[in-house]
Trainee: 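Attaching a single structure in structure tokens format; questions to follow.
For ligands, and for the atoms within them, numbers begin at 1 and follow the listed sequence. The basis for the numbers below is simple: all heavy atoms, side chains too, and nothing from hydrogens, waters or symmetry mates.
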Amino acid sequence: MDFQLSSEQRLIQDSIRRMVERDIQPVLDAHDPDRPLPKEVVRKLLELCATQGLTSARVPQSAGGAGLPVLTYGLMFEQLPPVVAFAIVGQEATATRIALESSPEQCERLLPDIIAARKIACTGSTEPHAGSDHRAIKTQARLDSDHVVVTGRKMWITNASICDLINITATLGETSDGTNRMVRVVVDREESPFETSKTPCLGFCQGHLGEVVFDACRVPKRNLLGGIGDAARVLTLTWLANRPLFGLMATNMAQRALDAALKYAGDRTQFGRPIASYQLVQELLADISAAVTTSRLICYYALSAIDNGDRANGASAMAKRHAIAACQRAISMAMEVHGSMGISCEVGLERLYRDCRMLPIPDGTNQILTLIEGRELTGFAAYRP
Ligand SMILES: Cc1cc2nc3c(=O)[nH]c(=O)nc-3n(C[C@H](O)[C@H](O)[C@H](O)COP(=O)(O)OP(=O)(O)OC[C@H]3O[C@@H](n4cnc5c(N)ncnc54)[C@H](O)[C@@H]3O)c2cc1C
């Protein structure tokens, strides 16, 4: 067992850190932290990430992607500012899903624009009445000669309000035994226009979580992906690595909170001494540090298990659930170290707190992840009647 990163892994991390410091953070700082970034700015940031393989990390090289081990992807991803990581999840996972279930012709036609970030992409599964139970989706895909006619509504979709293309899960209806015949359709906004709107919410305020409405939207049949029944499998496959990635997003936030708390505790004097010299403040710092380390390691562990081809459903669910909960607590403790300054907008911890609170929901809520772990431990699936 080796807990050290290889020199190659360190170099990769350093190169992303340098890109963030030089090219990404200044752009984020130049914009209002509580307003969505303009579409062109997001596109340019994604374009920068594309140069490092981040928009196509899991897409095989044969399909034009970076084809990275998911642990390497995680090491890179962890360095990204949260709002950029959030946009990357939408972009990269969409490219990966398309690569997983498309024909070579579809890959060749659809992937280059997403990988190069000429088009902003997203994946739409969630609907008003289908969240955790994604097999309950109702968005209709009706075949009509050489088109698929899509009608329905997708909600809480990352990148939705500025997307050029969405990969949706829709239904062709039910079979005689009541099985939902789910399919994937790539809807390109230019050739098949649809409406989108931004959903104002607690965190990732520079990001673009939103809603998409399809009103008898006509999509060329050549954009129908995979076979019937593949859609649920492909969603699950990408969620497997996405979950520890969300955990690493939280780890990035908790690391920032730790850095801020350490600095503040050293600078701030009360009762004639730096507050860092008081044992109870040291306890807070030690607990934050433990949260950062355990979160990072559990996510690396899950990603490494996926790379090794192990069954990683439980490890991946555990990594997301543990890391996000631990990092939420860590950010809150860092706020405590700062006293009143912790809740001020000036220090930025309140933003991390709000952003981190967004993370337990996508790609498996805490309850669903708990039940996935429970199924791994007991052999009983408790989340379906
Ligand atoms: C930041 C963010 C980004 C997102 N990005 C995307 C995206 O890009 N694409 C996309 O399709 N969706 C996206 N989503 C939506 C997200 O995947 C869903 O919100 C999530 O699956 C939960 O669905 P829901 O909100 O309908 O909650 P529900 O499924 O209605 O759950 C409500 C509550 O009931 C609990 N619950 C549900 N079923 C069970 C059960 N069987 N046992 C125990 N408890 C249960 C849940 O844990 C939760 O606490 C995003 C959401 C967020 C917040």
Side-chain angles (χ1 to χ4, degrees), residues 36 42 46 82-98 114 120-139 152-163 165-171 182 184-187 196-214 231-232 234-236 238-243 245-247 249-250 253 317 320-321 324-325 327-328 351-375 378 380-385:
V42 177
L46 289 172
V83 74
V84 176
F86 180 60
I88 281 288
V89 172
Q91 188 84 4
E92 193 275 347
T94 304
T96 299
R97 287 180 177 124
I98 292 175
I114 305 175
I120 296 180
C122 58
T123 292
S125 166
T126 309
E127 300 179 357
H129 302 290
S132 301
D133 185 6
H134 60 272
R135 292 185 196 175
I137 55 130
K138 290 195 164 40
T139 293
R153 187 167 152 216
K154 297 289 179 185
M155 301 180 71
W156 309 113
I157 309 303
T158 306
N159 294 345
S161 39
I162 49 167
C163 76
L165 174 152
I166 180 166
N167 182 15
I168 59 160
T169 313
T171 176
M182 284 156 63
R184 286 286 203 172
V185 187
V186 173
V187 190
T196 62
S197 58
K198 160 112 172 88
T199 308
C201 52
L202 180 74
F204 293 129
C205 296
Q206 286 188 320
H208 286 270
L209 195 66
E211 195 172 318
V212 183
V213 176
F214 303 101
V234 168
L235 272 177
T236 309
T238 33
W239 282 337
L240 211 56
N242 278 5
R243 288 171 181 153
L245 292 174
F246 277 114
M249 216 192 276
M253 297 182 197
K320 179 177 184 239
R321 194 166 71 98
I324 293 172
C327 291
Q328 277 182 281
R351 193 169 314 119
L352 292 176
Y353 188 74
R354 287 187 284 117
D355 288 352
C356 202
R357 183 59 189 84
M358 303 281 284
L359 297 179
I361 306 163
D363 292 9
T365 62
N366 276 342
Q367 289 69 31
I368 295 298
L369 299 178
T370 306
L371 298 180
I372 291 172
E373 278 182 73
R375 183 189 57 189
T378 65
F380 294 106
Y383 47 81
R384 282 183 197 285

Trainee: Between CZ of Arg357 and CG of Asp355, what distance do you get to the nearest 0.5 Å?
Mentor: 12.5 Å
Trainee: Counting C-beta onward and ignoring hydrogens, is there a side-chain heavy-atom pair between Met155 and Thr199 closer than 4.5 Å?
Mentor: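 No, side chains not in contact.
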Trainee: For atom 15 (C) of ligand 1, which candidate among Thr123, Thr126, Leu202, Thr365 holds the nearest heavy atom?
Mentor: Thr126
Trainee: How far is atom 5 (N) of ligand 1 from the closest protein heavy atom, and which atom is that?
Mentor: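 Result: Thr158 OG1, 2.8 Å.
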Trainee: Aromatic rings Phe204 and Phe86: how do their planes relate, parallel, tilted or perpendicular, breaks at 30° and 60°?
Mentor: parallel
Trainee: When you measure from atom 9 (N) of ligand 1 to the protein, is at least one non-hydrogen atom found at a distance under 4.0 Å?
Mentor: yes
Trainee: For residues Ile120 and His208, determine if any side-chain heavy atom of one lies less than 4.5 Å from a side-chain heavy atom of the other.
Mentor: no
Trainee: Quick one: does ligand 1 sit under 4.0 Å from the side chain of Phe86, the backbone, both or neither, non-hydrogen atoms only?
Mentor: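 For Phe86, the contact with ligand 1 is made by the side chain alone.
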Trainee: In terms of residue, atom name and distance, what is the protein heavy atom nearest to atom 38 (N) of ligand 1?
Mentor: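 The protein heavy atom lying closest is Ile368 CD1, 3.9 Å.
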Trainee: For residues Thr169 and Ser125, is any side-chain donor paired with an opposing acceptor at under 3.5 Å?
Mentor: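 Their side chains do not contain a donor-acceptor pair, so the 3.5 Å distance test is not met.
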Trainee: Please state which protein non-hydrogen atom is closest to atom 44 (N) of ligand 1 and give its distance, to 0.1 Å?
Mentor: Gln367 CB, 3.5 Å
Trainee: What residue and atom, counting heavy atoms only, is the protein's closest point to atom 6 (C) of ligand 1, and at what distance?
Mentor: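 For this ligand atom, the closest protein heavy atom is Trp156 O, 2.8 Å.
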Trainee: To check your reading of the model: name the closest protein heavy atom to atom 26 (O) of ligand 1, its residue, and the distance in Å.
Mentor: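 Of the protein heavy atoms, Gly131 CA, 3.2 Å lies nearest.
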Trainee: Any protein heavy-atom neighbour for atom 13 (C) of ligand 1 (distance below 4.0 angstrom)?
Mentor: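 Under 4.0 Å from atom 13 (C) of ligand 1, at least one protein heavy atom found.
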Trainee: Among all the protein's heavy atoms, is there at least one whose distance to atom 22 (C) of ligand 1 comes out below 4.0 Å?
Mentor: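 So atom 22 (C) of ligand 1 has protein heavy-atom neighbours under 4.0 Å.
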Trainee: Do Lys154 and Ile137 touch side chain to side chain, with heavy atoms closer than 4.5 Å?
Mentor: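 Sidechains of Ile137 and Lys154: in contact.
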Trainee: Which protein heavy atom lies closest to atom 41 (N) of ligand 1, and at what distance to 0.1 Å?
Mentor: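 Heavy-atom neighbour on the protein nearest atom 41 (N) of ligand 1: Tyr383 O, 3.3 Å.
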Trainee: Nearest non-hydrogen contact with atom 27 (O) of ligand 1 belongs to which option: Ala382, Gly90, Gly207, Ser132?
Mentor: Ser132
Trainee: Among all the protein's non-hydrogen atoms, which is closest to atom 52 (C) of ligand 1, and how far away is it?
Mentor: Pro362 CD, 3.8 Å
Trainee: As a test of the contact definition, would atom 29 (O) of ligand 1 count as having a protein heavy-atom neighbour under 4.0 Å?
Mentor: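 Given the 4.0 Å cut-off, atom 29 (O) of ligand 1 counts as touching protein heavy atoms.
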Trainee: Starting from atom 25 (O) of ligand 1, which protein heavy atom do you reach first, and at what distance in Å?
Mentor: Ile361 CG2, 4.5 Å
Trainee: Record the part of Leu209 in heavy-atom contact with ligand 1 below 4.0 Å; permitted values are side chain, backbone, both and neither.
Mentor: side chain
Trainee: Distance from Ile114 atom CD1 to Asn167 atom CG, nearest 0.5 Å?
Mentor: 8.0 Å
Trainee: To the nearest 0.5 angstrom, please state how far the CD atom of Gln328 sits from the CE atom of Met358.
Mentor: 12.0 Å
